[in-house]
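Report on one structure; see the data block that follows.
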Amino acid sequence: MTRLPSLYISHGSPMTALQPGLVGVRLAELAAQLPRPRAIVMASAHWLTRQPVVGAHPQPPTIHDFGGFPQALFDLQYPAPGDPALAEEVAQRLVAAGLPTGVDPTRGLDHGAWVPLRLLYPQADIPVVPLALQPLQGPAHQFALGRALAPLREQGVLLVGSGSITHNLHDFRDYQRGGEAPYVRPFIEWVEQRLQANDSAALLDYRRQAPYAERAHPTDEHFQPLHFALGAAGGEVLGAQRIDAGIDAGMLAMDIYRFDGEAA
């Protein structure tokens, strides 16, 4: 079976589901390039727990975890099947790596999962297993989660971290009508440079080393899915491919990264 890459996707606002813009184009192009996965493990910035938890619902419900948006957004569903057997395997691999993990048979797909998946695989016919992140445990922990699951890429499983390469909603009102936050491009350029240099140590230490880290990410949860995807790349990020999907509302950079590193 062809080895799949791991991915980091910037999912943007929930409205991306109705107004996909450039990221919709880029995700459709990416899906056309990839071998069809047998299943997807999705680590979203919108499922956060104290310890790892895997979703094992056989038919994960679509979670509309937002408010103040048009009814058309709440009417959308993403009825992809789950994969309880794969969920159990994910949990076992994490436990074997020294990461005690629970299984939640009721968990659905939050908008950090179903919004980008709807653009990648609109037919919702590929099983999806959600995985919680633990941002309080730091970037190295998310990297370890991905590293433990990297061998699944050899088995046709697509490992995806979903967040946003910059995410400071405090700035939304200042830039939604035009302009661009001054920290966005220096931050995303630093990330790309560190990835091209295979400098995972700097990326794990981004809070201290990246320019404008506090402005780009007042909290960690939308950047740490990148660390999950890095770990899922097998610790080898040479050849990381940045897919530019623009900047929404002047402060949400929509970069996508594809990592084709060794899986084991």
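- Linking ILVMFWY residues whenever their side-chain heavy atoms come closer than 4.5 Å, directly or via other members, leaves Leu22 and Met254 in distinct clusters.
- Remark: Tyr212 OH is loosely packed, at most 12 non-hydrogen atoms of other residues, nucleotides or ligands lying under 6.0 Å away.
- Residues Arg194 and Asp205 are not paired through a salt bridge, judged by the lack of any N-O separation under 4.0 Å between the basic side chain and the carboxylate.
- Classified by interplanar angle (parallel below 30°, tilted 30° to 60°, perpendicular above 60°), the ring pair Phe187/Phe223 is perpendicular.
- Residue His141 is tested with His227, Gln134, Gln224 for a side-chain hydrogen bond (donor to acceptor under 3.5 Å, both in side chains); the sole match is Gln134.
- In this pair, His64 and Phe66 present their aromatic rings perpendicular. The plane angle is above 60°, beyond the 30 to 60° band.
- Residues Leu76 and Met42 share a single hydrophobic cluster, defined by chaining ILVMFWY side chains whose heavy atoms lie under 4.5 Å apart.
- With sequence neighbours left out, His167 forms a ring pair (Phe, Tyr, Trp, His ring centres under 6.0 Å) with His222.
- A donor-acceptor contact shorter than 3.5 Å links the side chain of Asn168 to the backbone of Arg215.
- For the atom pair CZ of Phe259 and OH of Tyr8, the computed distance is 9.5 Å after rounding to the nearest 0.5 Å.
- Within the hydrophobic cluster formed by Ile, Leu, Val, Met, Phe, Trp and Tyr side chains joined at under 4.5 Å, directly or through other members, Val53 is accompanied by Trp47.
- The residue from Thr62, Val128, Ile63 that alone fulfils the side chain to side chain contact (heavy atoms under 4.5 Å, CB included) condition with Leu109 is Val128.
- Counting non-hydrogen atoms of neighbouring residues, nucleotides and ligands closer than 6.0 angstrom, the CZ atom of Arg93 exceeds 12 such neighbours.
- A 6.0 Å sphere centred on CD of Gln123 holds no more than 12 heavy atoms belonging to other residues, nucleotides or ligands.
- Ring geometry for His111 versus His11: interplanar angle over 60°, hence perpendicular rather than tilted (30 to 60°).
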